[in-house]
Structure formats: structure tokens, C-alpha cells
Amino acid sequence: MVNSTVTPHVLRNGYDLPVYGLDNGTFYYIHIPAMICIVTSFVCAVIAIVLSFRSRGYKSFFTKWSKSERFVVYLALCDALFNVSHFTDHLHIAIAKNHVYPKELCEFYGFNLALFITAQNLMVNIVAINAFMLLYFNKNLEFGRYDWRLLAWTFGAPFIGASIAGIAGQLGTNGAFCYFDGVKGVITNICFTTVPLLLVLVMNVIFYLLTWKRIHEQCREIRQNLGKMSTAMRASHRAARAMSMFVAAFFVQWWAMALYGVWNLAVDVVPQPVHHMVTTFSNIGGILNLIVYRIIRKKQLSKGEVLSTEKLTKSTEARHSHSHFSRNNTLHENSMCDSQVTEQPSVTLKIMDNHLAVPTRNGHEC
């Protein structure tokens with residue numbers, strides 16, 4: 001009798017994994033819906049960018065655009081670049097019915113996904129923090145000239161992290177698409193995506209709930225006192241409402257990936273319906289952000305107001321540094337709208353701020 005031993009196959013990297021869906025006939029059910037969502041999202045992202053610049057003009061982007069308006073462009077740009085890279089990834093796999101070759105191309109796709117997914121996470125988290133700080137501490141986060149602080153954090157940090165992952169050989173195929181290597185990059189994926197995404201989602205939900213709680217509390221106080229809301233408070237509420245919609249859209253886009261990450265920590269094989277939800281929801285960011293943009297614009301146009309913004313004058317900036325400046329003026333200039341809104345020919349509301357303003361009648365917002 002001859003004793004024979006079978007040497008188990010050792011997985012060296014993601015290319016040793018089977019192509020997801022080929023073994024059970026669901027291959028195209030994964031990639032075709034994903035590509036449809038990606039193309040639709042890309043078109044919506046481009047529409048959002050075009051509409052934004054058509055309504056505001058590109059020359060005043062950093063000087064007269066509100067923060068909410070700039071967030072629309074930044075997030076749409078993230079979605080568009082994410083969509084281009086991810087579409088070519090899915091298309092390559094769908095045509096070849098195999099992993100992406102050469103390996104360097106797959107790593108390039110994975111690098112782009114890691115960069116733009118993380119950039120969106122950080123940017124929307126800043127949006128949530130900004131709304132929270134505005135309502136609870138009446139502080140406006142300063143992003144610096146040309147938003148360099150915001151852009152350095154949201155794009156610079158992910159770029160450095162993804163570069164380190166690429167140099168360390170952590171990027172590659174996971175069997176379904178190119179991201180972090182399904183064998184060598186498991187721990188990196190947990191540290192770079194699963195844990196940060198969960199933290200950002202939880203933080204955003206908390207900030208979202210606290211922001212709306214504060215809005216309702218202040219509105220209730222105004223109604224009980226039968227008074228009128230101050231200009232600064234109305235501006236803060238409008239800005240917080242606008243930013244909260246971005247946070248809600250972010251949750252809709254990324255909840256499935258967070259669920260997948262948690263599930264994968266508990267078991268090795270995640271049910272395929274969960275995988276389908278990931279490839280659907282994570283690829284509709286452009287659609288969601290266009291919806292947010294249209295809601296904001298619809299609120300403006302339905303009231304018939306004319307929205308324009310103005311840059312703070314040198315005399316206004318100088319008054320910020322005077323210690324004897326009154327508290328009301330300080331609150332007025334630290335609010336988050338940089339807008340001049342004319343609702344009726346006889347009534348003009350000027351808000352020295354840097355956020356989107358949607359005026360209401362008779363001084364009431366609640």
C-alpha cells in the first residue's frame with residue numbers, strides 16, 4: 001500500500017483566488033449592474049459639475065462660492081474620477097473573464113480606488129464636523145486660501161497612504177475587482193478601509209443627529225418665546241441643513257461596504273447578496289450628490305430669490321481683529337454664509353458668511 005500526501009495549495013496573492021462569480025454563473029450579474037451604476041453615476045457627477053459652474057462661474061470659485069457649493073464640485077469630482085477608474089476595472093474583468101493583467105495595471109486601479117474612496121470619507125466627515133461646530137460652538141472651520149487645508153487633508157493623506165500600500169505590495173485583485181490584494185492585503189484593507197469607514201460612518205451619524213437636535217431645540221425656543229430668529233442663527237441653520245444632506249447621501253452610498261467589512265471580520269465567506277449590495281450602492285455616489293444639489297437649488301428657485309455671493313471687504317476683515325467689536329457683529333461675521341439674497345424688491349438680506357443661504361420669509365426658519 002502506497003501512502004500519498006496531498007500538498008495544500010498555498011495562496012501567494014490575489015491572483016491565486018478564483019474570479020468571483022465564474023463558478024456559480026453570477027459573474028455578469030455582478031459586473032453588468034456595477035457598470036450600469038458607474039456610468040449613471042459618472043454622468044450625474046459631470047452634470048452636477050457643469051450645472052454648478054454654469055450657475056456660478058469658475059473665476060469666483062474660491063472667492064464668492066459658498067462652501068456648500070464647493071463641496072458639490074469636490075465630491076462630484078471624487079465620484080467622477082472614482083467612476084472612471086472603477087469602470088475600466090470592471091470592464092476589463094468582464095471582457096477577459098479573468099483577473100486584470102498586467103499586475104501593475106491592477107495595482108494602478110486599486111491605488112485610484114483607495115485614494116478616492118478615502119478622500120470622500122474624509123471630506124464628508126469634515127462637512128459633518130463643520131455643521132456641528134457651527135451650531136454648537138458658532139465656529140466656522142477655516143480651510144485656508146484656495147481651500148488648501150481641506151484639499152491637503154482629504155486628498156494628500158489618502159495619496160500618501162495609498163502610495164505606501166502600493167510600495168509595500170498590498171494592492172492587487174481581490175477576486176472581484178482591483179483594490180487591496182485579497183491575500184496579502186487583508187490586514188491593510190481592514191486598517192485602511194473597514195475601520196476608518198466604520199469610524200467615519202458612526203461619527204457622521206452622531207454629528208448628523210446632534211446637528212438636527214440642535215436645530216429643533218433652537219426652533220422650539222424661538223416658537224415658545226414668540227420671537228424672530230436672528231440673522232446669524234438663520235444662516236447657521238440653512239448651512240447645517242445643506243451640509244446634512246451630503247452626510248445623508250454619504251451614508252446611503254457606503255453603508256453596504258461597511259456592512260461587508262464587518263461581516264468579513266466575522267466569517268471568511270460573505271453572502272453574495274451582500275456583495276451585490278456593495279457593488280450597487282458604492283457606485284451611485286454621483287447620483288446621490290446630484291440629487292442633493294438639485295434639492296438645494298430647488299429650494300432657492302421655488303422661493304424666487306436671487307442668490308449671489310460677495311467677498312468680505314478689507315474693512316470687514318479688519319474689524320474682526322478689534323477686541324472691542326460687539327458680540328452681535330462677531331457672531332454675524334463668523335456665521336457660514338457669504339451671500340446676499342434678495343427675496344423681494346423691498347427686502348434685502350445680507351449675510352457676511354461663507355455658506356449656502358436659502359432665505360425664508362418673515363425671519364422664520366423653523
Side-chain angles (χ1 to χ4, degrees), residues 45 49 61-62 67-68 70-86 89 106-134 139-172 174 177-181 184-208 243 246-247 249-251 253-255 257-258 260-262 278 282-283 285-286 288-289 354:
I49 294 174
F61 183 78
F62 291 108
K67 282 184 178 179
S68 294
R70 297 201 300 274
F71 279 137
V72 169
V73 175
Y74 291 145
L75 292 173
L77 184 62
C78 274
D79 281 313
L81 296 174
F82 167 83
N83 293 149
V84 169
S85 179
H86 206 29
D89 179 14
C106 189
E107 291 177 343
F108 175 72
Y109 291 152
F111 174 86
N112 288 330
L113 258 65
L115 171 62
F116 296 120
I117 288 175
T118 309
Q120 286 190 49
N121 292 347
L122 296 179
M123 183 165 293
V124 178
N125 186 235
I126 292 296
V127 172
I129 293 174
N130 205 359
F132 174 81
M133 294 291 291
L134 175 66
K139 288 187 177 181
N140 179 18
L141 296 182
E142 293 295 333
F143 295 151
R145 189 177 184 183
Y146 303 125
D147 294 337
W148 73 267
R149 293 190 183 97
L150 173 69
L151 299 178
W153 170 243
T154 56
F155 289 99
F159 180 86
I160 294 173
S163 298
I164 294 174
I167 294 171
Q170 301 296 297
L171 301 175
N174 57 17
F177 53 88
C178 295
Y179 191 38
F180 288 101
D181 191 285
K184 297 191 301 181
V186 173
I187 301 300
T188 305
N189 185 32
I190 293 173
C191 297
F192 200 93
T193 303
T194 303
V195 173
L197 181 58
L198 285 173
L199 288 176
V200 169
L201 278 175
V202 172
M203 289 176 61
N204 286 356
V205 169
I206 292 174
F207 286 137
Y208 181 89
M243 289 185 291
F246 291 110
V247 177
F250 176 84
F251 181 83
Q253 181 179 2
W254 295 110
W255 71 270
M257 181 172 279
Y260 182 93
V262 173
V278 172
S282 62
N283 293 319
L288 297 172
N289 286 323
N354 196 25

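Remember, it's a predicted structure, so these values are computed and weren't measured experimentally. Heavy atoms only: backbone and side chains are in, while hydrogens, waters and symmetry mates are out.
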Quiz prompt | Pairs meeting criterion salt bridge (Lys or Arg N to Asp or Glu O under 4.0 Å) with involvement of residues 107-132, two or more places apart | solution = Lys103-Glu107

Practice problem: Output all residues satisfying side-chain contact (heavy atoms from CB on, under 4.5 Å) with Ala165, sequence neighbours left out; order by chain, then residue number. | Solution: Gln170, Leu171, Phe180, Thr188

Self-check item: Partner set under side-chain contact (heavy atoms from CB on, under 4.5 Å) for Leu197, not counting sequence neighbours
Solution: Asn121, Leu201, Phe250, Trp254, Met257, Ala258

So do the side chains of [X] and [Y] get within less than 4.5 Å of each other, counting heavy atoms only?
X      : Y     : result
Phe61  : Arg70 : yes
Val124 : Leu75 : yes
Asn112 : Leu81 : no

According to ring pair (Phe, Tyr, Trp, His ring centres under 6.0 Å), who are the partners of [X], at least two apart in sequence or on a separate chain?
X      : result
Tyr260 : His275
Phe251 : none
Phe82  : His86
Phe155 : none

Taking side-chain hydrogen bond (donor to acceptor under 3.5 Å, both in side chains) as the definition, give me every residue that meets it alongside [X], ordered by chain and number, with sequence neighbours left out.
X      : answer
Asn289 : Asp79
Asn189 : Thr193
Tyr109 : none
Asn83  : Ser41

Exercise. Please report the closest heavy-atom contact between Cys178 and Leu113, naming both atoms and the distance.
Key: O-CD2, 3.5 Å

Quiz prompt | Non-hydrogen atoms of Ala162 and Ala114 that approach each other most closely | solution = CB-CB, 4.1 Å

Quiz item: When you look at OH of Tyr146, are more than 12 heavy atoms from neighbouring residues, nucleotides or ligands closer to it than 6.0 Å?
Solution: no

Quiz item: Are the aromatic ring centres of Phe111 and Tyr179 under 6.0 angstrom apart?
Solution: no

Exercise. Scan residues 197-208 for pairs that pass side-chain hydrogen bond (donor to acceptor under 3.5 Å, both in side chains), counting only residues two or more places apart or in two chains.
Key: Asn125-Asn204

Exercise. Could you verify whether a donor N or O on one side chain and an acceptor N or O on the other, from Tyr74 and Asp147, lie under 3.5 Å apart?
Key: yes

